[in-house]
Amino acid sequence: MNKSIALSFTKVKTLLRLLLIFGCIIPKNSMAQEIKSPTEKKWWKEAVVYQIYPRSFKDTDGDGIGDLKGIISKLDYIKSLGIDVVWLNPIYGSPNADNGYDISDYQSIMKEFGTMEDFNTLLKGMHERGLKLVLDLVVNHTSDEHKWFQESRKSRNNPYRNYYHWWPAEKGKPAFRPGAFEADGSGWRYDKTTNSYYLHYFSYKQPDLNWENPKVRQEIYNMMRWWLNKGIDGFRMDVIPFISKDTTFPVITQADLNKNYEGRWDVYMAEGPHLHDYLKEMNQEVLSKYDCMSLAEGAGMLKSTALNFVDPDRHELNMGYHFDGTNLGYIPGYFKKMNPNWSLIEFKKIYSDWDAVYDKKGWGTIYLGNHDQPRMTSRWGNDSPEFRAQSSKMLTTFLLSMRGTPYYYNGDEIGMVNAKFDKIEDYRDIETIAEYEKVKIAGGDLKQFIEDQKTGGARDNGRTPFQWDNSKNAGFSTAEPWLKVNDNHITLNAEVQEKDPNSVLNYFRKMVNLRKSNPALIYGKYTLVDKDNPNIYAYTRELDGKKLLILLNFSNKTATVNLDYDIVNAKVLIGNYTDISLDKNLKPYEAIILELK
Ligand code: NOJ
């Protein structure tokens with residue numbers, strides 16, 4: 001290069017650098033914003049996460065309970081779905097008061113599920129297939145059978161005493177805190193040995209850990225490092241927003257909740273004084289050291305607080321999932337009783353508003369079902385034989401075409417529906433049983449309660465054994481399963497659907513593939529269209545000049561979408577009917593994705 005040109009080049013570079021330093025050319029932070037925008041590529045943004053409920057997936061040792069070997073035996077099926085990440089519900093040592101969400105040993109495998117050797121084989125088998133594995137991290141509470149708690153309750157000066165929250169009874173009864181799975185609704189339990197109460201936000205079998213104690217935090221970080229060093233790819237963090245507590249346990253009235261916490265206890269509990277200090281510390285000590293993903297179960301998380309968890313500049317977590325969507329349609333004053341006329345307009349508003357939260361920073365998630373929810377098709381679609389398949393395909397289209405990482409629950413890929421048990425004796429879930437007791441104590445209508453559980457709340461609806469085939473116990477187990485199999489497994493099962501190119505299962509695979517081959521479906525801008533349409537959810541996803549239009553009819557009638565776009569010449573990328581007409585009328589539960597010209 002000519003010497004004088006090279007010199008002036010250097011000068012220009014120096015000048016540019018100076019201008020940059022003084023913020024003259026590029027506004028402050030704009031570089032940082034560009035890098036941190038939602039379109040910054042990350043594997044966990046591009047992933048489709050498949051959630052496995054191990055207890056109900058596949059039993060290989062004939063005890064009626066799913067196990068790790070069962071998951072291993074289905075690894076090729078899991079891979080064939082096209083998904084990238086598997087999240088397993090807790091697999092650790094547990095007396096199972098709350099199906100593994102009450103952990104008695106964080107570094108062991110629940111004996112019903114198998115051994116550590118099985119776990120190693122499972123992890124290896126997943127990695128060999130290019131699948132990542134995410135485990136549940138349950139550290140707001142342990143089991144009361146964890147050795148820390150066994151010690152803690154022995155005496156007031158036991159070295160483990162401060163691992164939990166204790167309230168000496170001589171100070172009188174502690175101020176009310178909710179205990180989710182208790183018939184009396186109280187989050188405090190009296191313990192005779194030391195004449196004290198201990199705190200449990202869930203059942204009395206799940207005492208809350210005292211995160212304000214640095215020793216507790218170090219124990220947890222060590223345990224997390226131990227699993228990550230084994231090679232797992234991240235954590236889904238159970239009720240993580242609840243970890244920090246105001247240990248003076250002041251009286252909180254409904255008026256206080258109304259004033260500062262949207263009238264809700266979960267919001268109060270999610271805003272503990274040191275929550276974000278602890279998440280930052282966890283990030284610094286553990287998460288930042290690994291290429292792993294972290295997901296907060298966003299209990300009590302609001303649109304206004306969500307970025308406090310996932311703004312990348314804060315160095316806390318990657319993603320969180322909110323409850324606004326799954327809480328929609330519940331009738332106040334009842335336990336998860338569903339209003340059958342829930343409003344699609346509100347539904348659209350919730351998902352659109354949450355998309356906007358992450359428009360500039362952070363990253364969202366999307367889900368319609370999990371182990372705490374009824375089946376998505378029964379709740380948001382239509383589980384009648386006429387519309388079951390069509391509506392579950394439509395919901396799958398929604399989940400896999402929104403911005404945010406999709407969390408897809410096992411069994412939904414074959415369109416499993418609610419079990420709708422008629423008797424309380426058929427339910428196994430601690431929550432449903434406690435709520436039933438509450439109604440009984442209040443002299444309420446128990447029959448009505450059972451009816452309400454069929455579409456609304458009961459978590460067991462989403463936990464019935466996976467329907468592999470039409471044999472006895474649906475191919476899940478040779479023994480009587482821990483929870484009844486849905487009778488419809490005779491016709492609704494994976495084996496039948498494997499053979500049918502138009503099945504719900506094969507539609508799911510196509511939809512996963514479509515998302516993965518269209519970056520616009522992952523990173524593209526989301527814009528709601530025809531917002532006031534009460535039957536149709538329509539939106540565009542747009543990236544680098546490519547614009548996709550998603551049309552979803554959430555109703556059981558033909559409905560018309562109002563569009564400014566000319567769609568006659570658009571390219572059809574997928575549809576859940578074989579005869580697709582581009583005339584703006586959508587058949588019942590029809591779903592179409594179009595590429596606009
Ligand atoms: C949320 C989990 O998803 C749920 O299943 C569990 O019962 C509670 N947290 C308590 O751990």
Side-chain angles (χ1 to χ4, degrees), residues 39 45-48 81-84 344 347-348 351-352 355 364 366-368 376-377 380-381 387 389-408 412-413 415 501-531 533 535-555 558-597:
T39 47
K45 294 182 181 174
E46 296 174 17
V48 175
L81 298 175
I83 57 97
D84 309 274
L344 182 69
F347 184 94
K348 295 194 271 188
Y351 289 100
S352 304
D355 179 82
I366 188 104
Y367 73 103
L368 288 177
M376 70 172 187
T377 302
W380 306 111
F387 295 124
Q390 246 21 25
S391 68
S392 41
K393 289 176 187 172
M394 185 276 290
L395 294 171
T396 290
T397 317
F398 169 66
L399 284 172
L400 294 170
S401 64
M402 287 290 283
R403 181 156 61 174
T405 300
Y407 286 77
Y408 200 90
D412 283 346
E413 78 274 24
N502 287 323
S503 65
V504 175
L505 175 59
N506 282 318
Y507 186 87
F508 172 70
R509 288 179 171 132
K510 276 182 220 151
M511 198 50 225
V512 172
N513 192 28
L514 188 72
R515 182 178 180 91
K516 301 195 74 72
S517 48
N518 276 284
L521 287 179
I522 299 168
Y523 293 112
K525 186 176 167 45
Y526 160 94
T527 311
L528 180 63
V529 176
D530 198 10
K531 145 171 165 285
N533 193 318
N535 300 313
I536 291 177
Y537 194 161
Y539 47 97
T540 56
R541 301 295 313 281
E542 210 174 340
L543 186 74
D544 298 336
K546 190 167 185 174
K547 195 168 192 168
L548 307 181
L549 174 67
I550 294 93
L551 302 173
L552 308 168
N553 182 356
F554 271 71
S555 81
T558 297
T560 307
V561 62
N562 303 305
L563 292 173
D564 290 336
Y565 303 107
D566 173 16
I567 57 170
V568 185
N569 297 314
K571 182 174 162 197
V572 178
L573 300 187
I574 198 166
N576 64 348
Y577 278 81
T578 37
D579 54 325
I580 299 170
S581 41
L582 298 181
D583 59 1
K584 302 193 182 175
N585 294 321
L586 295 179
K587 295 184 259 305
Y589 300 106
E590 182 161 17
I592 313 178
I593 300 187
L594 301 172
E595 184 175 338
L596 297 173
K597 293 273 148 81

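The analysis underlying the following values was restricted to heavy atoms, covering all of them including side chains, and did not include hydrogens, waters or symmetry mates. The model shown is predicted, which means the values in this text are computed figures rather than measured ones.
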>> What verdict does the side-chain contact (heavy atoms from CB on, under 4.5 Å) test give for L399 and D412, after you've listed the backbone C-alpha separation in whole Å, the side-chain angles of each residue and the deciding distance to 0.1 Å?
In response: CA-CA 11 Å; L399 284 172; D412 283 346; 5.9 Å; no
> In chain order, what residues pass the side-chain hydrogen bond (donor to acceptor under 3.5 Å, both in side chains) check against K525, with sequence neighbours excluded?
Replying inline: none
>> For F508 and L400: C-alpha separation, side-chain torsions, deciding distance, then whether side-chain contact (heavy atoms from CB on, under 4.5 Å) applies.
In response: CA-CA 9 Å; F508 172 70; L400 294 170; 3.9 Å; yes
>> Within this structure, what is the CG-OH distance for the pair L551 and Y565, rounded to the nearest 0.5 Å?
In response: 10.5 Å
> Are E542 and L548 close enough, and set up right, to give a side-chain contact (heavy atoms from CB on, under 4.5 Å), and what steps lead you there?
Replying inline: CA-CA 6 Å; E542 210 174 340; L548 307 181; over 6 Å; no
>> Would the distance check show the side chain of N562 and the main-chain N or O of D530 forming a donor-acceptor pair, the cut-off being under 3.5 Å?
In response: no
>> Taking T558's backbone N and O only, do any of them form a donor-acceptor pair with N585's side chain (distance below 3.5 Å, no angle check)?
In response: no
> Distance only, no hydrogens: is a donor on one side chain within 3.5 Å (strictly under) of an acceptor on the other, for Y507 and T397?
Replying inline: yes
> So which heavy atom on G404 is nearest to which on I366, and how close?
Replying inline: O-CG2, 4.0 Å
>> Looking at K546, is its backbone amide N or carbonyl O close enough to the side chain of D544 to form a donor-acceptor pair, meaning the two atoms are under 3.5 Å apart?
In response: no
> Which pair of heavy atoms, one from L582 and one from A570, lies closest together, and at what distance?
Replying inline: CD1-O, 3.8 Å
> Pick from K393, R515, M511: which one makes a side-chain contact (heavy atoms from CB on, under 4.5 Å) with I574?
Replying inline: M511
> Is the backbone N or O of A520 less than 3.5 Å from a side-chain atom of N518, with the two atoms forming a donor-acceptor pair by type?
Replying inline: no
> What distance do N506 atom CG and K510 atom NZ have between them, rounded to the nearest 0.5 Å?
Replying inline: 6.5 Å
> Do T396 and Y408 pass the side chain to side chain donor-acceptor pair (under 3.5 Å) test, and can you show the C-alpha distance, the side-chain angles, and the key distance before you say yes or no?
Replying inline: CA-CA 9 Å; T396 290; Y408 200 90; 2.7 Å; yes
> Just wondering, do V48 and L81 contact through their side chains at under 4.5 Å, heavy atoms?
Replying inline: no
> Do you know the tightest heavy-atom contact between V572 and I580?
Replying inline: CG1-CD1, 3.7 Å
>> Please give me the minimum heavy-atom distance between D84 and A47, naming the atom from each residue.
In response: OD2-CA, 3.4 Å
> Can you check side-chain contact (heavy atoms from CB on, under 4.5 Å) on Y539 and K348, steps first, answer last?
Replying inline: CA-CA 10 Å; Y539 47 97; K348 295 194 271 188; over 6 Å; no
> When you look at CG of D564, are more than 12 heavy atoms from neighbouring residues, nucleotides or ligands closer to it than 6.0 Å?
Replying inline: no
> If you take all heavy atoms of S392 and G415, which pair is closest and at what distance?
Replying inline: OG-CA, 3.9 Å
>> Can you tell me how far apart CZ (F398) and CG (L552) are? Round to the nearest 0.5 Å.
In response: 7.5 Å
> Roughly how far, to the nearest 0.5 Å, is the CD1 atom of I536 from the OG1 atom of T560?
Replying inline: 6.5 Å
>> If I take atom OG from residue S401 and atom CD1 from residue I522, how far apart are they, to the nearest 0.5 angstrom?
In response: 12.0 Å
>> Using side-chain heavy atoms (C-beta onward) and a distance below 4.5 Å, is Y367 in contact with M376?
In response: no
>> How close do K584 and I567 get, counting heavy atoms only, and between which atoms?
In response: CG-CD1, 4.0 Å
> Between atom OH of Y537 and atom CE of M402, what is the distance when rounded to the nearest 0.5 Å?
Replying inline: 3.5 Å
>> What I'd like to find out is whether the side chain of V504 reaches to under 4.5 Å of the side chain of E413, using heavy atoms alone.
In response: no
> Centroid-to-centroid, Y526 to Y351, below 6.0 Å?
Replying inline: no
Name the atoms and distances for all side-chain donor-acceptor pairs under 3.5 Å in residues 590-597, with sequence neighbours left out.
{"residue": "E590", "atom": "OE1", "partner": "K587", "partner atom": "N", "Å": "2.8"}

> Is it true that F347 and F554 have ring centroids separated by less than 6.0 Å?
Replying inline: yes
> Of the options E46, R403, R541, which is the one that meets Y523 in a side-chain hydrogen bond (donor to acceptor under 3.5 Å, both in side chains)?
Replying inline: E46
